[in-house]
Structures are given as C-alpha cells and as structure tokens.
Amino acid sequence: MHDILPNDQPYWEKIRKVGREIADFYNFSRIDTPILEMSEIFEHSIGEATDIVEKQMFSLRTKGGDRLALRPEGTAPIIRAYLQHGLSRTGQPLKLYYNGPMFRYEKPQAGRYRQFHQIGFEIIGSDDDPIFDAQTILIAYQLIKELKIKDLTIQINSIGCKNCRPTYQRKLQNYYNKLGPGKICGDCRRRLTTNPLRLLDCKEANCAAVRERAPILLDNLCQSCNNHFKATLEFIDELKLPYNLNNFLVRGLDYYNRTVFEIFAEGIDAALASGGRYDYLAEMLGGRKTAAVGSGLGVERLVELMKNKGLAGLPVKSKPKAFLIYIGEQAKKQSLGLIEEFRKSGIKVTESLGRDSLKSQLRIADKEEATLSLILGQKEVFEESIIIRDMRSGAQETVPFGKVVEEVRKRLK
Ligand code: HAM
C-alpha cells in the first residue's frame, strides 16, 4: 500500500481527468460503491476457487458477526448496486464508470500492490450485442492512448458460455489427466479439479510448456459463441485496433463468459487494463440474467509507465497571479483578510506567511513566478493603501485599499 505524495499527484490528476472526459464522451455516469462489501458478494461472483477469493481478500468479521471484505475489484459491487437499487429501470444499456481503491493481499512486486486504484467502465443490461464488447475495448484503449502511452497491444480470447465451456473443460481435464505425474505444479494439480481453465495461464515454466499442446478454447466454442467472437473481432478490425488472439487468456475471475481481453504496452510486463463480458454475474448475485461487459484500468501501472516514459502529468496547482508581501506586525494582521478579498474575486494570491523578512518574501514571489507583488508595509497600513509591483518591469504604484482588487484585475488582463 502506497502513499501518493505531492510530486506524483500531477500524474494521478491527469489520469483522473482523462478518465472523466472519456466517460463523459461515451456517456457513462459515475458510480461509487463502498469499500467494504459482504464477503459473499465476491465469493459468489469472482468464485471461491480463484486466487483472489482463496488467498487475496482482506476479510473481517464485524462485532455484529457480518463477514465483510475490502473490495478486491469493482464489478461485482456495481452489479450488487444495480440489483439493489433497481437500476435496470434507468435505461438500457446502463453505462457506469468508477475510480477508486481496490485491495488484494498479493505478493507485492513491481506493478502489483495490495492497495491499488482502478478506473472502470461497465455497460450493463444491453443485449449481448458484440458492438458493446468492441466499444469496451475501444474505451480502455483510448484512455491509455490519451495519456500518450504508445505501442499498445490488445490480447483477446473467448472463453465460451455455459453450454460450450463444460465440454471444453472436460477435454482439458482429460488432456492433463493423461500427462502422468510431475508434469505440472502443485497449484495446477489443484486447479485440475477446482478451476481447470486456470491451467492455461499458469506462469510456471513446466506448466507453460505443457499447455502448448492442450486443446484450444476457440476450437471448442458453440456456434453462438463463435459468431459472437467473430463479430467482436470484425468491429475491432473496423476500428483498426492492434490485437493478438491469445489462446491462453482466461482471466482470474469466474464471472466472465465469451470475450476476455487485456491491454499491454511496451515497457511494462503487466496488463494496463483488462476486462470482458459477464452475462451471468447478475444471476450469480441473485438477480435476473443481465448481459454486461466492462473493463478496469490499473492507475498505478499507468502512473509508473508515464513516469518512466517522461510523459507529462497535469499540474495540480495553478500559478499564482499575485503574491502578497507584508512588512511589520500590523501588515501581517491585515494579510489574511486581504487575501480573502482576492479569493472572493477569483484572483489567486499566494503568500509565504510566517516568513517575516522582506528579502525572503521577495525571493519566494520570484520563484512562484507571480505576475504582480502586492506590498503592504507599515506606511501603507497607516495610509490604507498597498503597493502593486509588476514583477517583470519592476514598475510600482501605490493604490488605496478600496481599489486594490479592481486595480489588480485590470493589470492581470
Ligand atoms: P483485473 O484484471 O483483476 O480485473 O484488474 C483490472 C486491472 O487492475 C488490471 O489490468 C491491472 O491493471 C490492475 N490491477 C489488478 N491487480 C492489481 C494489483 N495488485 N496492483 C496494481 N494493479 C492491479 C478486474 O478487476 C475486473 N473487475 C475488470 C472488469 C471490469 N471486468 C469487467 N469489468
């Protein structure tokens, strides 16, 4: 879990801004769900036999006996909210986006943290038209491109549906069962019964070698899934997005069906964005079958890549227009009130309160690149006036208190 220090904020701000603009353009509404959910929301959706639920949930029991978990992802909570608030009545499809922290008890390593942030986009309640699969991929891709990150590739696969996947899984189990002992790791031996699809994305060298000859998902899709995948690819071809079919892409969450994808960029091994279709998730959480598709982008990974590539963030603070300098106790007393006058008029005035020496105040005014300095000395306090100094030309003029805001505004124009 990391602190996000002031120096890094410009990258975060930029990503948030681009996320908001993309959401706005594609007509997504913002949703925020609590960070804590009932554990069963994730057990019933991500799946009990997945790494996330088995090993990575931060869980707790409340004094009242409820089992809660820090959300490891955002999609299941959104479907929970969708069902709970009857959001199906608010238009079809419902397009929702979010941005917030997620928690997984991972082995920390580069790009993999225990608290990380996702920006996510979900298209819910449409029919399962593949145009939404393509638009989901497009949106994640465009967000990354808007950040000026280059050399993106999309890995894509289809993992079928309730009809064709069980037959494929049996074929896969047969293949692995025939291999004989010692060919796959301990985790994969377990997965062979609990979650056979995950055999395909094990990173162990032996397991990766063995999967090369395993039956291929795409060869085993039913007609309807096949048509769906073909149509999705046709949309993506039309958009000229760079993609690779990846037979081993299965994803670590059980709620997916049909299209799954991940987006990578040159310079980072881990996926920047990932997602897919999840037509069964609403049913898994006790609702009616509701077609849906979505994606999540990892903000920390985007920040890391932007920094490594020397890409620009977005300044968090705007430059001050004027800098207030005070000399003497009386002037110091009036400074806070005077700054408020400017704030109310929408003019940004900064200061270095507490630094009473004139020399150091002038130095800071210079560093902050303020256009004007406002100098309030003992004489000025007595005469109820203030000196306005143009920082570029050095020209100075004394104006009465009552006119200072107006005069500053005039000069800033
Ligand atoms: P996910 O692949 O688990 O999918 O996470 C989405 C993205 O979050 C990843 O591509 C990655 O960039 C980032 N991410 C995941 N785990 C970590 C971590 N430990 N540290 C840093 N970044 C991480 C989901 O969570 C799905 N809810 C996505 C989705 C939305 N599917 C449909 N709609």
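Ligands are counted one by one from 1 in listed order, and the atoms in each one are counted from 1 as well.
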Output yes when E369 and R392 qualify as a salt bridge under the 4.0 Å nitrogen-oxygen rule, no when they do not. no
Evaluation steps, side-chain contact (heavy atoms from CB on, under 4.5 Å), between Y278 and E122: CA-CA 10 Å; Y278 52 94; E122 315 288 356; 2.6 Å; yes
Between L245 and N157, does a side-chain contact (heavy atoms from CB on, under 4.5 Å) hold up when you go through it step by step? CA-CA 6 Å; L245 294 184; N157 197 14; over 6 Å; no
At a 4.0 Å cut-off, with the gap strictly under it, does some heavy atom of Y255 reach an atom of ligand 1? yes
When distances are taken from atom 30 (C) of ligand 1, the protein heavy atom at minimum range is T75 OG1, 3.0 Å
Protein heavy atom at shortest distance from atom 10 (O) of ligand 1: S274 OG, 2.6 Å
Applying a strict 4.0 Å limit to heavy atoms, is G111 in contact with ligand 1? yes
Under 4.0 Å between a Lys/Arg side-chain N and an Asp/Glu carboxylate O for K17 and E21? yes
Please report the shortest heavy-atom distance between D279 and N257, naming the atom on each side. N-OD1, 2.8 Å
Does ligand 1 come near enough to L272 that some N or O of the ligand is less than 3.5 Å from an N or O of the residue? yes
Salt-bridged, E407 to K410, with N to O below 4.0 Å? yes
Residues Y97, F28; criterion ring pair (Phe, Tyr, Trp, His ring centres under 6.0 Å); working and verdict: CA-CA 6 Å; Y97 95 101; F28 283 73; 7.4 Å; no
Ligand 1 atoms nearer than 4.0 angstrom to some heavy atom of A273 are 10 (O)
Check whether any side-chain heavy atom of F323 sits under 4.5 Å from a side-chain heavy atom of L374, and report yes or no. no
Enumerated ligand 1 atoms positioned under 4.0 Å from heavy atoms of R251: 1 (P), 2 (O), 4 (O)
Other residues, nucleotides, ligands: >12 heavy atoms within 6.0 Å of D269 CG: no
Under-4.0 Å heavy-atom contact with ligand 1, by part of E300 that carries it: neither
Return the residue, atom name and 0.1 Å-rounded distance of the protein heavy atom closest to atom 12 (O) of ligand 1. A271 O, 2.9 Å
Take atom CZ in R190; do more than 12 heavy atoms of anything else shown fall under 6.0 Å from it? yes
I need the atoms of ligand 1 closer than 4.0 Å to a non-hydrogen atom of E106, numbered in the order shown. 16 (N), 18 (C), 19 (N)
Salt bridge flag under 4.0 Å for residues D201 and R198: yes
Which one holds for P72 and ligand 1: side chain close, backbone close, both close, or neither close, with close meaning a heavy atom under 4.0 Å? neither
Closest to atom 7 (C) of ligand 1 among protein heavy atoms sits G296 O, 3.6 Å
Would you mind telling me if ligand 1 is within reach of the side chain of S295, the backbone, both or neither, using heavy atoms under 4.0 Å? backbone
Which of these, R301, E304, Q115, has its nearest heavy atom closest to atom 11 (C) of ligand 1? R301
Could you say whether the N/O atoms of Y278 and ligand 1 ever approach to under 3.5 Å? no
A student comparing Y256, F121, Y113 should find that the heavy atom closest to atom 29 (C) of ligand 1 comes from Y256
Should the proximity of E122 to ligand 1, defined as any heavy atom under 4.0 Å, be assigned to the side chain, the backbone, both, or neither? side chain
Do me a favour and list the nearest non-hydrogen protein atom to atom 13 (C) of ligand 1 with residue, atom name and distance? G298 CA, 3.6 Å
min-distance protein heavy atom vs atom 24 (C) of ligand 1 -> Q118 NE2, 3.8 Å
side-chain contact (heavy atoms from CB on, under 4.5 Å) between Q155 and F261, intermediate numbers included: CA-CA 5 Å; Q155 306 276 339; F261 70 93; over 6 Å; no
Just heavy atoms, cut-off under 4.0 Å: does V293 contact ligand 1 by side chain, backbone, both, or neither? neither
CD1 on I263 to OG on S295, rounded to 0.5 Å: 7.0 Å
Decide side-chain contact (heavy atoms from CB on, under 4.5 Å) for M38 and R67; before the verdict, give the C-alpha distance in whole Å, the side-chain angles of both, and the deciding distance to 0.1 Å. CA-CA 6 Å; M38 299 297 239; R67 286 190 316 114; over 6 Å; no
Could you identify the single nearest non-hydrogen protein atom to atom 14 (N) of ligand 1 and state the distance to 0.1 Å? F116 CE1, 3.5 Å
Given that the side chain starts at C-beta and the backbone is N, CA, C, O, which of these parts of F264 lies under 4.0 Å from ligand 1, counting heavy atoms, or is it both or neither? neither
shortest atom 27 (N) of ligand 1-to-protein heavy-atom contact is with E73 OE1, 2.6 Å
